[in-house]
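Since the structure comes first, as structure tokens, the remarks are kept for the end.
Every heavy atom of this structure was used, including side-chain atoms; hydrogens, water molecules and symmetry mates were not. Residue numbers start from 1 in every chain, and the chains themselves are labelled A, B, ... in the order their sequence lines are given, proteins ahead of strands.
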Amino acid sequence: MNAIAENLKTVSHGIEVREVNKEFGDFQALKDVDLIVPDGSMTALLGPSGSGKSTLLRTIAGLEVPTTGQVFIGGEDQAKKPVRTRNVGFVFQHYAAFKHMTVFDNIAFGLKVRKWDKQKTRDRVTELIDLVQLTGLAKRYPSQLSGGQRQRMALARALAVEPSVLLLDEPFGALDAKVRKDLRTWLRRLHDEVHVTTIFVTHDQEEAMDIAQQIVVMNEGQIEQTGSATELYDQPANEFVMGFVGEVNSLDGKLVRPHDTEILPAPTPGAVEVEIDRVVRLGFSGRVEMLTVPEKKEVWAQLTRSELETLNLESGTKAYVRPRPDAVTKEDTGALDDAFKEENPAIHKPTSVEPGLPV
Amino acid sequence: MTGNAGGRLSRYGLRFVALLYLAALLLAPIGVALVKTFDEGIGEVITQVTKPDAVHALKLSLITVIIAVPLNTIFGIAAAHVVVRTNFRFKWAVNALIDMPFAVSPVVIGLALILVYGTGGWFGADLASMGIQVIFSTPGIVMAVVFVSLPFVAREVIPVMQEIGTDQETAAETLGAGPWQTFRSITLPAIRWGVTYGIVLTTARALGEFGAVTVVSGNISGETQTLPLYVSKQFETFNSVGAYSASLILAILALGTLLTMNLLRRKED
């Protein structure tokens, strides 16, 4: 049992999903899903498309009815509760802005439905507009806003009704990289302020690691592992999690992290022969890119500066690599390649930015 | 430069052809009719349109429109909702049924109504025993008009509803809105121009319907004659000024509908 699960024994349960199955005809979208989301936390559902993460989110919201199983919000069984009485704030990937209403009316919608009086509504909406930094734009229509502004408006609209949980379905998926990063940071700060139990869906591991306290890795309708970013990275439950969260090399039928990949100058039993392709020095650390002999598969290692200096590698020369003795490894069955080859070709390849975990 | 000149030539050429087409088919006949109407002065036009039969025909036409348009608007929106937002096995059949009035000749529709509701028809005798006369009476005319103008609203609303998707409606639902509230405050405003355009087309069709109404109404002056039937009757009896004057009223009604829509639209922008 991981640390978060231990912790949960002492905190009240924000959201609990119990043995949920969801079938669409012959297709099983969710298989025996169990999940606990601590009250006031921020949780990411991470997985490739088709992994069931959106279906799980929609099931929690009540937009999908589970074939079997239960959903609890604040300890209360939601089975008989329709969407509109669940008091969830839902944010859609494509904003779902009410196009014919101003920013003010969009945010006020849930309050009007609840028949709040005018003055109270105005105060609350004004407060929210400031919170999501749309001050001065109350009279604009969604078509006059940028994508990021629209999504912030949608978030304010969802928060207006003081939801017991906030559910975001790929909230930044439709935005460009720069805006996405800004909004991500902003969302984390907002969460520090409002503290509402939040679940967001993403296929971007960096996004999940950056802002979620708990990450739920999903694949083919099942939860592969639940834990903090560090737990997923250091103790992946299986091949899938290891490959999906963080960088990996495939060495002699084993998956190993680049920082756990050891380079040796001489042949050693259990080491794979490689040709040094490129040595990249990145300030205090460095990266060595290699090709296995004779398969020419890409492998790379992350080393410290002193390790690099000791090894004194040059491109074109031969070397030997193996997992470090204490390395985390998983058997490489090729399943990962099958699952992601088309979807996310970047997964097995070294990226140009410094890999590793955000600290 | 030659390419430019050639482009300009073809552009003007195209405009000329388009205008000629419009002029020959639309503007000239309407213009001549308008001139003909006032051949014997405006006094005669007033005399013609205030004849009891003419006034009665106008009233009957308006009654028909007032009943048929709201009915088909509600039906059209409901049908669009069913076609776009629900899924069932025989959806294609419902979709095809909505189009049927477009495909079937109005005269056939009239005859079919007689077969069902006429004295010798399926329900005719039963209805007659209850004192309800459908054929050769206002109910039959309204039914014929409802039938022929049925697809317009649905056909205009369906693509708009497909276009807006379900996200906005789902969002309203998560914010606590019930189905009726969601429809009124989210769906209806989103489809309003489809509905408006559908209403204009329905009104135009309901006002102008001739074939089906001729068959079911019996075309009795001062009783079951709608405005288009009245125009036709005046024309047949060589009262051309009467025919043109009544046509003018029809044209004004149609134009009024179009103008109202445009005014509404402009006000919004």
Under 4.5 Å to a heavy atom of chain B? For A:Phe109 that would be side chain
* Asked: Got more than 12 heavy atoms from elsewhere within 6.0 Å of OH, B:Tyr12?
  -> no
Applying a strict 4.5 Å limit to non-hydrogen atoms, the region of B:Thr182 in contact with chain A is neither
Just so I know, are the side chains of A:Val113 and B:Leu175 near enough to count as touching, which here means a heavy-atom distance under 4.5 Å? no
Answer key: most heavy-atom pairs under 4.5 Å with chain B among A:Pro163, A:Ala61, A:Ala96, A:Gly110 is A:Ala96
Taken to the nearest 0.5 Å, the spacing of A:Arg157 CZ from B:Thr174 OG1 works out to 7.0 Å
Looking only at heavy atoms, the pair that brings B:Arg192 and A:His100 closest together is NH1-CB, 4.4 Å
Indicate yes or no: at least one non-hydrogen side-chain atom of A:Phe90 is less than 4.5 angstrom from one of B:Thr170. no
Okay, A:Val83 and chain B: the region with an atom under 4.5 Å from a heavy atom over there is both
Okay, A:Ala154 and chain B: the region with an atom under 4.5 Å from a heavy atom over there is neither
Shortest non-hydrogen pair, B:Gly178 vs A:Arg84, comes out as CA-CD, 3.7 Å
- [ ] Decide side-chain contact (heavy atoms from CB on, under 4.5 Å) for B:Ile186 and A:Met101; before the verdict, give the C-alpha distance in whole Å, the side-chain angles of both, and the deciding distance to 0.1 Å.
- [x] CA-CA 9 Å; B:Ile186 306 298; A:Met101 292 184 195; 3.8 Å; yes
Looking at A:Lys181, I'd like to know if its NZ atom is crowded, meaning that more than 12 non-hydrogen atoms belonging to other residues, nucleotides or ligands lie closer than 6.0 Å. no
Whatever's closer than 4.5 Å to a heavy atom in chain A on B:Gln181 counts as side chain
> What do you reckon, is CD of B:Glu163 surrounded by more than 12 foreign heavy atoms closer than 6.0 Å?
Replying inline: no
Open item on the list: Does B:Lys59 have more than 12 heavy atoms from other residues, nucleotides or ligands lying within 6.0 Å of its NZ?
Closed with: no
* Counting only heavy atoms not in B:Phe183, do more than 12 fall under 6.0 Å of its CZ? -> yes
